[in-house]
Each structure stands twice: as C-alpha cells, then as structure tokens.
Amino acid sequence: MPAFQTSPGMRDILPPETARWRRLNAVFADVVSAAGYGQVITPLIEDVGVFTRIGEATDVVTKELYAFEDRGGRHVSLRPELTASVCRAFAQHRPAALPWKVWYTGPNFRQEKAQRGRYRQFDQVGVEVLGVDDAHLDVEIIALAAEFYQRLGLTQVTLVLNSLGEPEDRAAYVAALETYFADADLSEQSQTTLAKNPLRVLDSKREHDAVAIEGAPQISEFYSDDAAAHFAAVQAGLKRLGIDFVVEPKLVRGLDYYRRTIFEFQGGTLDSAQNALGGGGRYDGLVEALGGPATPGIGFALGVDRTLLACDDEGVFGDVTRPLDVFVVDVVGGQEAAVLTAELRAAGLSADRGYDNRSMKAQMKLANRSEARFAVIVGADELADGTVVVRPMARDAGDQQTIPRTDLISHLKDRS
RNA sequence: GUGGUCAUAGCUCAAUAGGUAGAGCACCAGGUUGUGAUCCUGGCGGUUGGGGGUUCAAGUCCCCUUGGCCACCCCA
C-alpha cells in the first residue's frame, strides 16, 4: 500500500481520461465563445463572506465549506461554486458595458460525503450574464446548455423548468408553505428542513412525505403579473427554438439566491441521487448582496464529472485520444531518434520514441502500443546509408519501405 | 454527517468446514543476432488496506481504524 493516497472525496484524473476532460472543455468553450461570452478566471480562495451571502439555509454554506483562517488572520474559504465569485468580481471591477457575459471552468470544493458522481473537489463549466433582465436572455442561457449537451452527443437529457416568482412572490409562497406543512404529516427530517427552508421540503424523496408534498400549494398560485409574464415568455421562447422542457412546480434549487427562472438538466441514465447534470437560474439580488449595484443576473453550472458519466452511459464521446503520427525506433544508441523526433515535431508531426537502447523487438512493441501510424526505424544499415525505414503499423497498410533520410518529412506528409 | 456494504498481485477476480495465497490480463525476457499487433515458453510481482485480539494455526472469526461503493441528506 502506498504511504499516501488522495484524501476522501478527492481523486486523480489520469490519461487517457484527461483527454476527455480537455475535449469537453473545448466543446463548451466553442459553444459559449460563439455566443459572445468571454472567459473569467477567479481565485479558488475567497473571503468566506462571499459564500455565506449565498444563503444561510444552504448546506453548501453552512456545513460543507472548506473554510479556514489564513496566516494573516483572514477568514477565507475554498469556493463551493462559482456564481458568487463571478458576482464578487463584477461588484469589484464594475464592468461598464452591459451585459457582462462570461464563462468559466474549474474546480469547486464541498466537504460532503463522497459517492459516485459526487466528489469533494469537482469541476464545473458554466456561464453567467449580469445586467440584463430580458426573458430572451433566460432562453439564450438555457439554449446554450442544451446545445452543449447536443454537441457532446447526449440525447437522454431532460430540461426541467420552474419559476420561483419575484422575491415577494417567493416570500408569500414560503409563508403559505410554512402554514400548510405545519399541519401536515411530515417525516422528522422534513420537519427540520421546514424550520430552515420550507421550499426545500418539496425536494424530499422520502415516501412518508409524498402525500403532504402532493397536496402542497403551488408556487404558480403566487406569481405576480410580472413574474407570470416573464415565465410565460421564457417558455414561449424555448418552444420557438424547439427546446423540449418539463415544467416542474416542485423544482427548488439548492442555493437560496435564485429568483424567477430556475432550471435543471437531468440525465436519463444516472441514478436519481446523481441525476442532476447541471442547473442554474436567475439571481437578481446577488450582486447587490455582495456590495455591488442592483444588477439582474442569470447563469448555469454544469458538472463535468456527471456529464462524463452520462456520456459513458450513453456510449458517446468515447475515444478522443489523438493518435501519434510517428514512433521512432533507434537501435544504434538513441542519438538518431533524438534528432529525428526533433525534426518531425518541428515539421508539425507528432512523434515519440523508445528509450534505454532497447531491442528492436521491444521498441516495436512500444511503437505498436503507442498506436502511431508509422514506425520509423534506424539501424546500422540505415545509419551507414543515410536512409530510414518507414513502416506502416496498420495491418493492411502495405509494406515498409526504405527511403533517403532527407526525404522523410515530405514522404510522411505525402502519405497523411 | 447517519445507516448499509465491501477492501486479496499494477488491473479484474479465485482460495472447500480457519491449516503457511492462485489465475487471467498487464509488464519484462526468450522462441534461427534487425520489426509490433496472433501463438508458445519462462520471469517479475502480494508481510491478503492498516492496527489489535481469539487460536497450535486467520485472507478466512471478533474489535478498532482507514478508504471505496450504495442509500439518506445535499447537490453538480
């Protein structure tokens, strides 16, 4: 057993898996860049206050924060999510040109018990837009996420949609829920939840609570005219773009800052405990809560791990490793391989080589394992003649040939 | 955080009623002194997650601990 292993809930991501990560990020960057979004990179560590503002009734903040005091006595924390950091950055730098449309990718940290698709350090990709209240923006945001999934090849993704109404609507609804649930037959855990955040009771998966939740008042009964109109506009916009969705009145997302539009993408193949691939919503009060000007905002974050799991389950987005062009086999000491790989790489061809002056057989095995398209072989004869052997590695790619060493680059380029 | 379950070579797994750990894959080396992917032979490789206990004897029983997985919780 090794002396050290990754901490609980943490893990290494090694090749070839890392290639899939890069690919996923590249697809995401393509989608959002094409929509005018710029990348932001914010610190992993923030003043803990940045995160405590996102909700006193949120486990992410109250129980799972990696908070500590640094050597200067500052109370800081690893970020549990990125929306708060982006809003803090907005409040700090006050970009003048609105809307401010940004995207990001990176790790987040939550100290909860890990299981499949749920790690203490987990990556998200996401976008945030600040400064625009338009329902068309809600539609655009959702459409971007949908396009991302589509580009990956995922088909079993369900968009679940709801609106929490304006803050006053939400407050009125919460009050109504409190009254209703006070007399309802709830499980012990849900009664605890009720005291902290009545909305969250709707999320309970316990059978005990099913009847009570079924009969609970619906948020839609509390929408103001504006909220109802906004929600209707969002739905109409999605239909116009041919994006399927399901309105789920009981959808309440974890973070407390959401207002009006909220949405979640659920994978069809994952177990319910991890089926939330990603989600987001409108958070019109968050920038203000962080000391900035009153600014509407909306965004989403998508879990990279879970998205990759969903890709596995659907059998899409499989092998993304780029095959090598050339593997150089040098059985005359290794110096020739050093020169040849340098030349090949400079010419834009990918090239690897064998080391330790191993036998030709051993080096050919390496060439085979590397999945290179060609082996370039240099032995004593070739060295003396100023030639190289170019051997195609695929089964039906023809015979190897000996060519002048000076022709190697052009020869390979002709054959690719 | 609570509960359940599991933990044996790098990987996937075996090991009858407790008796001093095996296989496949992978890796390495050979198979007529230059050539891989098939095949054959051989080799390397484990103080059975860690610690303690019961026993003449424990991978196999008991306790503790660490970690994975699953459910709850929460969320991406």
Side-chain angles (χ1 to χ4, degrees), chain A residues 1-11 14 55 57-64 80-83 105-126 145 187-190 192-193 196-197 200-201 203-209 251-255 264-267 270-280 300-310 327 329-332 354 356 358-372 374-383 389-397 399-400 402:
Chain A
M1 278 298 109
F4 294 105
Q5 299 182 56
T6 47
S7 294
M10 306 284 186
R11 74 248 206 266
L14 310 174
T58 306
D59 279 8
V60 166
V61 171
T62 56
K63 289 158 57 179
E64 301 170 359
E81 56 123 45
L82 271 149
T83 303
T105 175
N108 304 290
F109 303 84
R110 297 180 192 176
Q111 195 160 168
E112 57 188 337
K113 196 155 179 178
Q115 57 194 64
R116 180 179 151 92
R118 176 175 137 177
Y119 304 101
R120 289 184 169 188
Q121 175 177 339
F122 63 100
D123 266 57
Q124 290 183 325
V125 295
S187 65
E188 211 172 308
Q189 294 103 313
S190 283
T192 308
T193 308
K196 289 191 300 184
N197 186 343
R200 203 75 53 68
V201 175
D203 243 351
S204 167
K205 288 168 190 155
R206 288 174 291 271
E207 287 197 14
H208 187 127
D209 300 323
L251 176 67
V252 288
R253 298 189 37 75
L255 291 327
E264 194 166 290
F265 293 91
Q266 298 178 351
L270 302 173
D271 291 334
S272 66
Q274 296 91 225
N275 78 341
L277 261 35
F300 65 72
L302 312 179
V304 172
D305 308 283
R306 290 186 185 178
T307 301
L308 254 17
L309 285 175
F327 191 96
V329 173
D330 173 347
V331 288
V332 290
D356 293 335
R358 297 228 269 153
S359 71
M360 176 172 291
K361 176 169 179 164
Q363 291 193 55
M364 285 304 295
K365 286 182 80 164
L366 294 177
N368 184 56
R369 205 183 302 158
S370 79
E371 296 185 324
F374 297 99
V376 168
I377 304 169
V378 184
D381 296 347
E382 290 76 19
L383 183 59
V389 172
V390 176
R391 179 178 174 84
M393 295 300 285
R395 282 173 186 285
D396 50 1
D399 294 332
Q400 66 185 40
T402 302

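Here is the naming used below: chain letters follow the sequence lines, and residue numbers restart at 1 for every chain. Note that the structure is a prediction, hence the values are computed from the model and not measured.
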Can you tell which of [options] lies closest to the side chain of [X]?
| X | options | answer |
| --- | --- | --- |
| Lys113(A) | U2(B), C74(B), A76(B) | U2(B) |
| Val331(A) | G34(B), A76(B), C28(B) | G34(B) |
| Asp305(A) | C72(B), C75(B), A76(B) | A76(B) |
| Met360(A) | C74(B), G34(B), C69(B) | G34(B) |
| Arg358(A) | C70(B), A37(B), C28(B) | C28(B) |

Whole-Å [atom1] distance, [N] and [M]:
| N | M | atom1 | result |
| --- | --- | --- | --- |
| U20(B) | G59(B) | C1' | 12 Å |
| C44(B) | U5(B) | C1' | 35 Å |
| G49(B) | G68(B) | C1' | 11 Å |
| U16(B) | C61(B) | P | 11 Å |
| U12(B) | A7(B) | C1' | 14 Å |
| G22(B) | A15(B) | P | 14 Å |
| C28(B) | A21(B) | P | 28 Å |
| C72(B) | A57(B) | C1' | 43 Å |

Please report, rounded to the nearest Å, how far the [atom2] atom of [N] is from the [atom1] atom of [X].
| X | N | atom1 | atom2 | value |
| --- | --- | --- | --- | --- |
| Glu64(A) | C75(B) | CD | C1' | 7 Å |
| Phe374(A) | G36(B) | CZ | C1' | 15 Å |
| Leu309(A) | A76(B) | CG | C1' | 11 Å |
| Phe122(A) | C74(B) | CZ | C1' | 11 Å |
| Phe300(A) | C75(B) | CZ | P | 20 Å |
| Leu251(A) | A76(B) | CG | P | 10 Å |
| Glu81(A) | A76(B) | CD | C1' | 11 Å |
| Met364(A) | G36(B) | CE | C1' | 4 Å |

Check: [X] side chain, [N] base, donor-acceptor under 3.5 Å:
| X | N | answer |
| --- | --- | --- |
| Gln400(A) | U35(B) | yes |
| Arg118(A) | C70(B) | no |
| Glu112(A) | A76(B) | yes |
| Arg116(A) | G68(B) | no |
| Glu382(A) | G34(B) | yes |

Is there a side-chain contact between [X] and [Y] (heavy atoms, below 4.5 Å)?
| X | Y | value |
| --- | --- | --- |
| Val331(A) | Gln363(A) | yes |
| Phe122(A) | Arg110(A) | yes |
| Val329(A) | Arg391(A) | no |

(request) Drop me the distance from Met393(A)'s CE to Glu371(A)'s CD, to the nearest 0.5 angstrom. (result) 10.5 Å

(message) Could you measure the distance from the CZ atom of Arg306(A) to the CD atom of Gln124(A)? Nearest 0.5 Å is fine.
(response) 9.5 Å

Determine the contact category for [X]: base if any of its heavy atoms lies under 4.0 Å from a base atom, sugar-phosphate if only primed atoms, P, OP1 or OP2 are that close, otherwise nothing.
| X | result |
| --- | --- |
| Phe265(A) | nothing |
| Gly9(A) | sugar-phosphate |
| Arg11(A) | nothing |
| Ile377(A) | base |
| Asn108(A) | nothing |
| Gly278(A) | sugar-phosphate |
| Lys361(A) | base |
| Arg395(A) | base |

(message) What I want to check is whether the side chains of Glu81(A) and Asn108(A) have a donor and an acceptor closer together than 3.5 Å.
(response) no

(request) Mind checking side chain to side chain donor-acceptor pair (under 3.5 Å) for Glu64(A) and listing every partner two or more places apart, or none if nothing turns up? (result) none

(request) Report the residues that fulfil side chain to side chain donor-acceptor pair (under 3.5 Å) with Asp305(A), sequence neighbours left out, ordered by chain and then residue number. (result) Arg11(A)

(message) Let me spell it out: for each of Val304(A) and Val389(A), pick the nucleotide of RNA chain B with the closest heavy atom. Which residue's pick is nearer the 5' end?
(response) Val389(A)

(message) Which is more 5' along RNA chain B, the nucleotide nearest Gln124(A) or the one nearest Ser7(A)? Just name the residue.
(response) Ser7(A)

(request) Using only side-chain N and O atoms of Arg369(A), determine if any of them is under 4.0 Å from OP1 or OP2 of C28(B). (result) yes

(message) With a 4.0 Å cutoff (strictly under), does any side-chain N or O of Arg306(A) reach OP1 or OP2 of C75(B)?
(response) no

(message) For Ala362(A), is there any backbone N or O sitting under 3.5 Å from a side-chain donor or acceptor partner on Ser359(A)?
(response) yes

(message) If we ignore hydrogens and angles and just use 3.5 Å, is the side chain of Glu264(A) paired with the main-chain N or O of Gly279(A) as donor and acceptor?
(response) no

(message) If a pair means Watson-Crick or G-U wobble with both distances below 3.5 Å, what does RNA chain B look like in dot-bracket form, with | marking bases paired to a different strand?
(response) (((((((..((((........)))).(((((.......))))).....(((((.......))))))))))))....

(request) Taking only Lys NZ, Arg NE, NH1 and NH2, and the carboxylate oxygens of Asp or Glu, determine whether Arg118(A) and Glu112(A) approach each other closer than 4.0 Å. (result) yes

